[in-house]
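Each remark here refers to the structure printed beneath this line.
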Amino acid sequence: MEKKTDQRVEEKKSDEKKEIDITDLPGVGAATAEKLISVGYSDLMSIAVATPAEIIDTTGMTEALAKKIIAVARSRLEMGFESGEELLRRREKVEKINIGSADFDALLGGGFETGAITECFGEFGSGKTQIGHTLAVKAQMLKDEKDPIAVYIDTENTFRPERIKQLAEGAGLDPVKALKGIKVARAYNSDHQMLLVEKVEDLIKKHGMNVKLIIVDSLTAHFRAEFIGRGTLAERQQKLNRHMHTLLKLADMYNLCVYVTNQVMAKPDMFFGDPTQAIGGHIVAHASTFRIYLRKGKKGSRVAKLIDSPNLPEGEANFYVETSGIKDFK
Ligand code: GTP
Ligand code: MG
C-alpha cells in the first residue's frame with residue numbers, strides 16, 4: 001500500500017517538472033497566447049500534436065512561427081517511448097466503475113475504465129443520460145484515499161439532482177453526500193463546453209479534488225447545432241478533435257474515467273443493418289477507447305452493444321433503467 005503512495009507522489013513530481021506554459025514558447029507573447037488559448041490550444045500537448053495548417057487556419061500566425069512553436073512544444077514534452085512493462089504497471093492502476101447491471105459490467109470487462117474515454121451513442125431515450133447519472137453516483141464508490149468526485153458537463157439541461165438522490169439511495173449511499181460529490185456545469189455552446197473541460201484540471205490541481213469521472217452529456221449536440229452545412233464541417237471536426245484530445249489527456253494524466261454521449265442521425269439511404277450513424281464521425285470514434293451502441297430492446301429494456309474496444313470481444317448486454325439504478329434484464 002505504502003509503495004503505491006510513494007509511486008504516486010513521484011509521478012506527481014515528474015508531472016510538475018514538465019509543467020511549461022505556452023507563453024514559454026518562442027515568439028508567443030501574451031496576445032498570441034490568448035489567441036491560441038481562445039481557439040483551444042491551451043497547453044503544450046495540444047500544440048505538439050497539431051499540424052502547422054491547423055494552427056495557421058485558426059490563429060492566422062505565420063507558417064514559420066507555427067512550425068517553430070510545434071517543434072519546440074514537441075521537444076519540451078519529452079514525447080518518448082515507454083516500455084511494455086511500464087505500460088503494464090500503468091494498466092494495473094486502472095479502476096473500474098460498476099454500473100450496477102452485472103451483464104453490462106461484464107460487457108466492459110468489469111465496468112467503465114479509468115484512463116479511457118467511453119462513448120455511448122444511440123437514439124433519444126436509449127439511456128445515455130441515465131447511464132451518466134448512474135456513473136456519477138457509482139464513481140463515488142471507488143475505494144480511493146480521497147473522496148472521488150464526478151464532474152458533469154451538461155449541454156442539454158438534462159442533469160437532475162432529484163434523480164441522483166434516487167440513484168444514491170438505490171446504491172446505498174447518502175444522497176446529500178452523493179450530490180456534494182458531483183460538480184455540475186451547464187455548457188451554453190461548444191466553446192464554453194471546451195473551456196469547461198479544460199477547467200477540470202484546475203479542480204484537480206488548484207482545489208486538490210480527486211476527480212475520477214468526467215461526463216460530457218451530450219458531447220456533440222452543440223457542435224452539431226452550430227456547424228451546419230458542409231463548408232463548416234472541417235472546422236467542426238477540428239474543434240471536436242481538440243476537444244477529444246483534451247479529454248483523452250485528462251483521462252491519461254489523472255487516471256480518470258471519461259464518459260461521453262453522442263446522438264445518432266438517420267441514414268435513410270441504408271437498407272441493411274441499423275440505419276443510424278453516430279454524430280462526430282471518425283474523430284469521435286477514433287478518440288473513444290470504448291464505444292457502445294444503445295438501443296431500445298424488448299419489454300422496455302435497453303440493449304448495449306460494445307462495438308469498439310482495444311481488448312474485449314464485441315458483445316451485447318440487456319439492462320433496465322429502474323428507479324434505483326441500472327439493473328440486469330430478467
Ligand atoms: P436523449 O438525450 O434524448 O438522446 O436520450 P437519452 O439516451 O439520454 O435517454 P435517457 O437516458 O434520458 O433515457 C430516458 C429513459 O430512461 C426514459 O425513456 C425512461 O424509460 C428511463 N428513465 C428516466 N428516468 C427514469 C426514472 O427516474 N426511473 C425509471 N424507472 N426510468 C427512468
Ligand atoms: Mg440524454
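We count ligands from 1, going down the list as the structure has it; atoms in each ligand are counted the same way. As the structure is a prediction and not an experimental result, all values here were calculated from the model.
For K128, heavy-atom contacts with ligand 1 shorter than 4.0 Å involve the backbone as well as the side chain. The proximity of E123 to ligand 1, defined as any non-hydrogen pair under 4.0 Å, is limited to the backbone. Here R160 has no heavy atoms under 4.0 Å from ligand 1, in either its backbone or its side chain.
Considering G125, C120, S324 only, the shortest heavy-atom separation from atom 6 (P) of ligand 1 involves G125. Compare V264, T155, T261, V321 by their heavy atoms: the one nearest to atom 31 (N) of ligand 1 is in V321.
Residue contact annotation: R302 has a non-hydrogen atom under 4.0 Å from ligand 1. Distances shorter than 4.0 angstrom do not occur between any heavy atom of H133 and any atom of ligand 1.
In terms of N/O distances under 3.5 Å, ligand 1 is approached by G127. Checking only distances, G122 never comes within under 3.5 Å of ligand 1, N or O to N or O. For ligand 1, none of its N or O atoms has an N or O atom of Q263 under 3.5 Å away.
Crowding of E156 atom CD: a count of heavy atoms from other residues, nucleotides or ligands under 6.0 Å exceeding 12.
For K296 and F124, the positive end sits near the middle of the six-membered ring, less than 6.0 Å away and at most 45° from its axis.
Applying the 4.0 Å criterion to heavy atoms of T129 picks out, from ligand 1, the atoms 2 (O), 6 (P), 8 (O), 11 (O), 12 (O). Set against the non-hydrogen atoms of Q166, the atoms of ligand 1 under 4.0 Å away are 27 (O). Each of the atoms 1 (P), 3 (O), 4 (O), 5 (O) of ligand 1 lies under 4.0 Å from some heavy atom of F124.
Of the charged side-chain nitrogens involved, at least one lies within less than 4.0 Å of a carboxylate oxygen, so that E119 and R291 count as a salt-bridged pair. A salt bridge does not link E314 to K305: none of the charged side-chain nitrogens sits closer than 4.0 Å to a carboxylate oxygen. Note on K67 versus E63: salt bridge recorded, some NZ/NE/NH1/NH2 to OD/OE distance being below 4.0 Å. Residues K177 and D147 are paired through a salt bridge, judged by an N-O separation under 4.0 Å between the basic side chain and the carboxylate. One finds no salt bridge joining R236 and E226 here, because no Lys/Arg side-chain nitrogen approaches an Asp/Glu carboxylate oxygen to under 4.0 Å. R91 has a carboxylate O that lies under 4.0 Å from a charged side-chain N of E113, or vice versa, which qualifies the two as a salt bridge.
Checking T158 against the Mg ion (ligand 2), every N/O/S atom stays at or beyond the 2.8 Å cut-off.
Under the 4.5 Å side-chain criterion, counting only non-hydrogen atoms from C-beta, V260 is in contact with L247. Annotation: side chain of I131 is in contact with side chain of F104 (closest heavy-atom distance under 4.5 Å).
Ranking the protein heavy atoms by distance from atom 23 (C) of ligand 1 puts Q130 NE2, 3.2 Å first. In terms of protein heavy-atom proximity, atom 25 (C) of ligand 1 is nearest to R163 NE, 3.8 Å.
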